[in-house]
Amino acid sequence: MKLLPTAIDWRAPRTIVAIVVIATFALLPVLVGDEGGFYVKFATRVLIYALAAIGLNFILGFGGMVSFGHAMYVMLGAYCVAIPAQHEITSGWAHIAIALAMTTVIAAGAGAVALRTTGIAFIMITLAFAQMLFFGAVSLKEYGGDDGLTLATRSNFALFDISSNAGLYYFAFVCVLVALYLSWRAVLSPFGLILRGSKANTRRALALGHPVFRYQLVAYVLSALACAVAGVLLANLTQFASPAYGAWTLSGELIVIVILGGLGTVFGPLVGAVLLLALEEVLPTLVEATLPDYKSNWMLLLGLFIFFIALALKRGVFGSLRGGKQ
Amino acid sequence: KIGFVAELSGPQAPLGQDQYDALMLLIEQNGGKLGGVAVQVIKEDSQLKPDVANQVVDKLLEKDKVQIITGVTFSNIMMAVHKKITDKGVFLIGSNAGPSPIAGAQCSPYFFSTSWQNDMQAESVGKFASDKGYKNVIAMAPNYQAGKDFIAGFKRTFKGGSVIDEIYTPLNQQDFSAELAQVASKKPDALYVFYPGGLGVNFVKQFQQAGLNKSITVMSASTVDGTTLPALREAALGWMSGTFWGPDFPNEANQKFVAAFEKKYNRIPSQYAAQSYDAAQLLDSAIRKVSGKVDNKKAFHAALKAADFKSVRGNFKFNTNQFPVQDMFMFDVAKDAKGRVSLRTVAKPLVNHTDSYAAQCQMKAL
Amino acid sequence: MTALVTENLVKRFGGVQATDNVSLTVEDGQLHAIIGPNGAGKSTLIGQIAGEIAPDSGHVALLGKDVTTLSVFARANLGLARTYQITQLAKEFTALDNVLMATNARASHNFSFWKNAHDDSDAVSHSLAALAKVGLLDAKNRTVAELAHGEQRQLEIAMALATGPKVLLLDEPLAGMSQGESAAMIALLKSLKGRYPILLVEHDMDAVFSLADRISVLVYGRIIASGTPEEIRNNVEVRAAYLGEEATA
Amino acid sequence: MSELLQVKNLNAGYGASSVLFDVNLSIREGEVATLLGRNGMGKSTLVKCLTGWVKPTSGSISFAGEDVTNAPSHKIGKLGLGLVPEGRQIFPTLTVRENLLATASNANGKSWNIERVVALFPRLGERINQMGGTLSGGEQQMLAIGRALMTNPRLLVLDEATEGLAPLIRADIWRALGELKKEKLAMLVIDKDLKALLPLADHHTGLEKGRIAITGTSKELEAQHERLHALIGV
Amino acid sequence: MTAQLALSQLLNGLQLGVLLFLLAAGLTLVFGIMSFVNLAHGSLYMLGAYFGAATFAKTDSFTLAILAATVGAGLVGLLLDRFALTKLYTRDHLDQVLATFGLILFFNELIRMIWGPGSIFMQVPDALSQTVDIFGFTYPSYRFAIIGAGLAVALGLYLLIQKTRVGMLIRAGATHPHMVASLGVNIKWLNTLVFALGAALAGLAGVMSGPIMSVQPGMGEPVLILTLVVIIIGGLGSIRGAFYAALIVGVVDTLGRAFMPTIMRGIFERNTADAAGPALASMLIYLFMALVLALKPQGLFPATAGATR
Ligand SMILES: Nc1ncnc2c1ncn2[C@@H]1O[C@H](COP(=O)(O)OP(=O)(O)OP(=O)(O)O)[C@@H](O)[C@H]1O
Ligand SMILES: Nc1ncnc2c1ncn2[C@@H]1O[C@H](COP(=O)(O)OP(=O)(O)OP(=O)(O)O)[C@@H](O)[C@H]1O
Ligand SMILES: [Mg+2]
Ligand SMILES: [Mg+2]
């Protein structure tokens, strides 16, 4: 698998980019100082999106399962904070535990049905599940329906204090690092090898004796869990949970992040998240500075940018950099 | 520095655009000032996404350090940012969305609305229907929070007849042929609908095409308004709509506003523009009162609360929950003097109307 | 023990009777060849034995166990390995990774998330040995897309061998190989013969007659003859339906 | 007789890896040539250069009087190069009949039609309305040959066209190719069956690691038995 | 419930189905046959609606509007294909997803810049603005016209794809484009043709729905999702499948909406029924799709009986 170097080459552009990105994130709160609370929050959002994208990439990039419904797990995670909080349960560990448990159950069920199909049908059936959950949340009148639910305070993690912005930031940062490391290990492990092999040729994998369905289901649930944690964090960041977090547009955005960063690379999703969200932030300002009348049309540029990236780079931004030794 | 947040992209952008244009209109009329103080409006697009709204509000609060935020188009966006803004002690002047929790239990001294609580429009239509003595009414709305609120509000004030059927359509549904066939077959005295934005455009057109304009009276809320009428034109003639303001209001403030708005933007202002214009006037009056010292929160709050300005809607004052107490009107769609399709006042079903959640609000002192 | 038994297998595709009551046995250590005209149903038969195609009726027994209702991977885990007539490989994998995937199938499941698959020296050396057997050691780090057609055919066989099979199903292993490689492959099959029971489908008659212990001839989904190579070579019906002149050569 | 195909000093490869080095080959109208060599020596790569799938890094190819070194595939096809590719590549979602008809053409005044193809491969007649993708391997191979003939080519290129065919059919194909040769159809044949190639072909080119290792007429080749043996491992 | 009501609901379902078919046909052609995932198909629909509405407003001729929409969208499709998308055909599906997602943003914003953010108005043509009385109920004649036009297009497409050489080549090119080229066919132009045809059909659907739905930026996306559902249920790449699936989805959706609440009220008490009914109705087609896929992963009418060996 040429996309995946077997050993790290410290001088390869990919490694350098990865180190620079990680280091920047690590130092960001220090760099921007007290005045930069906004940037810290923005970076937290980037990390949260990255975490969800890392989860999605695990099945999309490595397993070939294009889920168009992963936002539903983000939404689920968010509601697993907001609803217990409504009932005075504020422990963050409890929120995470509930989110993980709920997600495991739902993802196992949805995955088991969805994985009966492949390709485009899989895309659509995952979308279908997400839409059902979305409309389900919209009809939750006692929990705000589509107006959503506000959180009085952030979750209470005994060891980590996330009530400050920097605290939440570092918590998210640690989650992303852990997710990156775990997916790096998993992808190179026999499990990952078989998962990738099943993507490349399912028929052969089966004939070799691999229970492909089980591998895929496990991968699907794992990836959903990452998204659920992202949802927990998002609810804490915005102090809000709403069906909008499960809208198909967010599922689409996650896919875009993964592809933009570089499909089937471990680090790509983080780069993709940084790029997409930074563009959404910078472009309006840029357009305003040059063509003030057209500020609200900045999405035109974003669209063009995404289009040309897809056209020019075969493996996304990070994926197109040279990797380590083959 | 004033922050302005609204939907400025996507299908719902016309609402946000009207809010923005009206705000800027007043500031321009005042020579770039509000209350005698030069202001800078920082405009942000919430893209109808709660997490984006959060993001832009963070930016306004922490990077731009604004002291006042106005705008906010949709209820779910309001819910996502309301707490964050008011917790910071920044004044939020809502010029559209008025979800019930904010009028009730979650009310805050830092929040003022120059529009309405969501149920108010529905209640005025309900009252109107009672006054007219309709017996059998069918109510229709999309199946989401606001849709349910609007039907509940209608039923609250509709007395003497019965709602023979409530039809909730999926939020993403664009074609109403099935429901219209249903309605036609039941032959109600009147139909009450709530279909905001593009949904309304679809609904009105399809209603007309089904040949129902002649046979069924329609009372609507948030369906035919300044943002949808340009797309609907003759198709909406005869439709009725309940709200607090119409461009034909004779009071002087309004005549001036409508004329200026039409002159500058070359279109009839919508109620969203009117609400936002009032928000701007409110700020203008309050800032003037404290002579620009917005930092003195107590004084500024009192100044806002006094609502000492000439609202384009005429009567205006704040209730305990800092939502307006106002008259509610009924309009129908007709051609105006210049032959354009617009709203025309036909009745005033509710006078000095208050919303029904104020009782749940225990307003903290500042 | 009988390694493989099929009993009255029947399979229809619409109007085509692809398999018509096929019963055959492969004894332990035996190389059983199946020959027959194109479209006779040989690959379909292999598919039914491997579990990819569900027979309309009939049974398959593997190493004394009825596996008719078992899934493809369950049969593989019992020790059944196959090659495909039309190459089935993981295209963007290197040759080594392809074989490594096969090697990893020796354990019936492999939910190991932690260790690097390439750090498992046992598995790697086992895989390299399989590559060496088919003469692909030099190509181990090339991706499948970079391999010539014949090399892909060789890899196909390496993968089947690497799973450590108890029974081998080979669907035209020599197809696409040049004369030189064919000869090497025949030698390899000879060395495997006796160690594994093998069911071989092949159109290369030199290979079939030099390798097979027993030959069955499939025509229009039916076994029309079964016997030693000598018997088959001299069977008039078989010559008319399949062999033509070549048998005399 | 004029040169139908002329390959001069051809170099080609995939990305960074070079596969062909200074290959020369020419075929005249009505002539039959072969490419010999073990697996991976570059035979198919040469074919891909002829069809425009792989662009040469240097050298030139002319076909039917035109320089086609960098011509698009469809132009080469129109000029009359009929391909039976490695691995068949028949259209799985078309029926047998449609496979034959879809790209048929009679631009070159030859007269292949469905009846003739079916007469050559009766098996295809029996399967005429079956989807291409469900044919057996050998049936697909027959279809691929039939499909190429239906374009009425001036030069028929067969890349391992007898792979996976039953002995009887293989014999049929060799006989058919013999007949085509009589009709003065030029051919380039890649096959491992030297026994069949020697009587059919006029001249041969053997490749080793992308370089020409041996050339000559059938007679000349038989004379260099040792060399041939080393080259293709007979 | 009267027989008339049931019949008019059936017609409603048919009309929705036909409209969906116009979109699905183009999408399934490029998607299933050329193996190109074109998320921007909805944008072409939107462009068609705008071209049509603008032309109609200028000329008052619905015929011209239809012409402008079809030709205009087709032309945009042609240009897109020639100058941008060709490169993407041989690439991974996900690259195509990314690129066409970019195009969606681009087109939506472009439309907003040109025609403004609000809905624009499109009237029903005078000749079709009446209602027709049949079997004792009235039905908008415009909707009848949609049904008629859709059925005609369906027939034409069927003949084109199944019965003509072009159709065969299109299908052949889907799996082995190189091979088609080597057999002497200019596959690029063929693809362009297919793409433009799909785009033109999307444009046609756009202009036909203009007088019914609101013509506004972003109108393509909800429709796109529904269309995807249709082609999945129908089986990728199958025009026949798209046709039946579109009609089934149209009818199921309409009847579900029309009768589900009543049915629910028969089962549950009013409050539960009012909450569950519409929620279920919104999920209905998704449920239906999930059900179809769970039972027949290839869709109802798969294009190929495609065994690969
Ligand atoms: N999925 C299918 N649908 C319809 N017919 C099929 C299908 N699969 C195979 N067939 C038909 O069944 C018959 C047997 O096919 P099979 O592949 O088993 O032949 P084979 O003996 O392996 O031939 P070959 O030697 O050419 O590979 C053929 O006629 C083929 O066309
Ligand atoms: N797409 C490709 N990318 C990179 N290298 C390739 C590619 N295709 C073939 N090769 C390499 O080029 C060399 C020549 O391949 P080619 O297919 O021309 O061989 P061949 O003589 O046709 O062999 P065979 O008899 O096995 O078909 C081989 O070493 C092969 O590994
Ligand atoms: Mg076979
Ligand atoms: Mg070759």
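These values consider heavy atoms only, across backbone and side chains, with no hydrogens, waters or symmetry-generated copies. So you know, we letter chains A, B, ... as the sequences are listed, proteins then strands, and number each from 1.
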Shortest non-hydrogen contact from [X] to [Y]?
{"X": "C:Phe73", "Y": "A:Pro211", "value": "CE1-CB, 3.4 Å"}
{"X": "A:His210", "Y": "C:Met101", "value": "NE2-O, 2.9 Å"}
{"X": "C:Ala76", "Y": "A:Leu206", "value": "CB-O, 4.1 Å"}

Less than 4.5 Å apart, any side-chain heavy atom of A:Leu193 and any of C:Phe93?
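In contact.
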Could you check whether any side-chain heavy atom of C:Glu92 comes within less than 4.5 Å of a side-chain heavy atom of A:Arg196, counting everything from C-beta outward?
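Result no, sub-4.5 Å side-chain heavy-atom pair not found.
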Test side chain to side chain contact (heavy atoms under 4.5 Å, CB included) applied to A:Val21 - qualifying residues, sequence neighbours left out
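Here the qualifying residues are A:Val17, A:Phe25, A:Phe267, A:Leu270.
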To the nearest 0.5 Å, how far apart are OG in A:Ser189 and CG in C:Asp120?
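Answer rounded to 0.5 Å: 11.5 Å.
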Rounded to the nearest 0.5 Å, how far does CZ of A:Arg204 lie from NZ of C:Lys91?
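Here the rounded value is 13.5 Å.
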Step through the shown structure and confirm whether more than 12 heavy atoms of other residues, nucleotides or ligands are within 6.0 Å of NZ on C:Lys193.
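Counting other residues, nucleotides and ligands, NZ of C:Lys193 exceeds 12 neighbours.
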Under a 4.5 Å heavy-atom cut-off, does chain C meet the side chain of A:Tyr181, its backbone, both or neither?
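Contact with chain C: side chain only.
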Can you tell me which portion of C:Ala102 sits under 4.5 Å from chain A's heavy atoms? Options are side chain, backbone, both or neither.
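Both the backbone and the side chain of C:Ala102 come within 4.5 Å of chain A.
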Chain A contact via C:Leu80 - side chain, backbone, both or neither, heavy atoms under 4.5 Å
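Contact with chain A is through the backbone of C:Leu80 alone.
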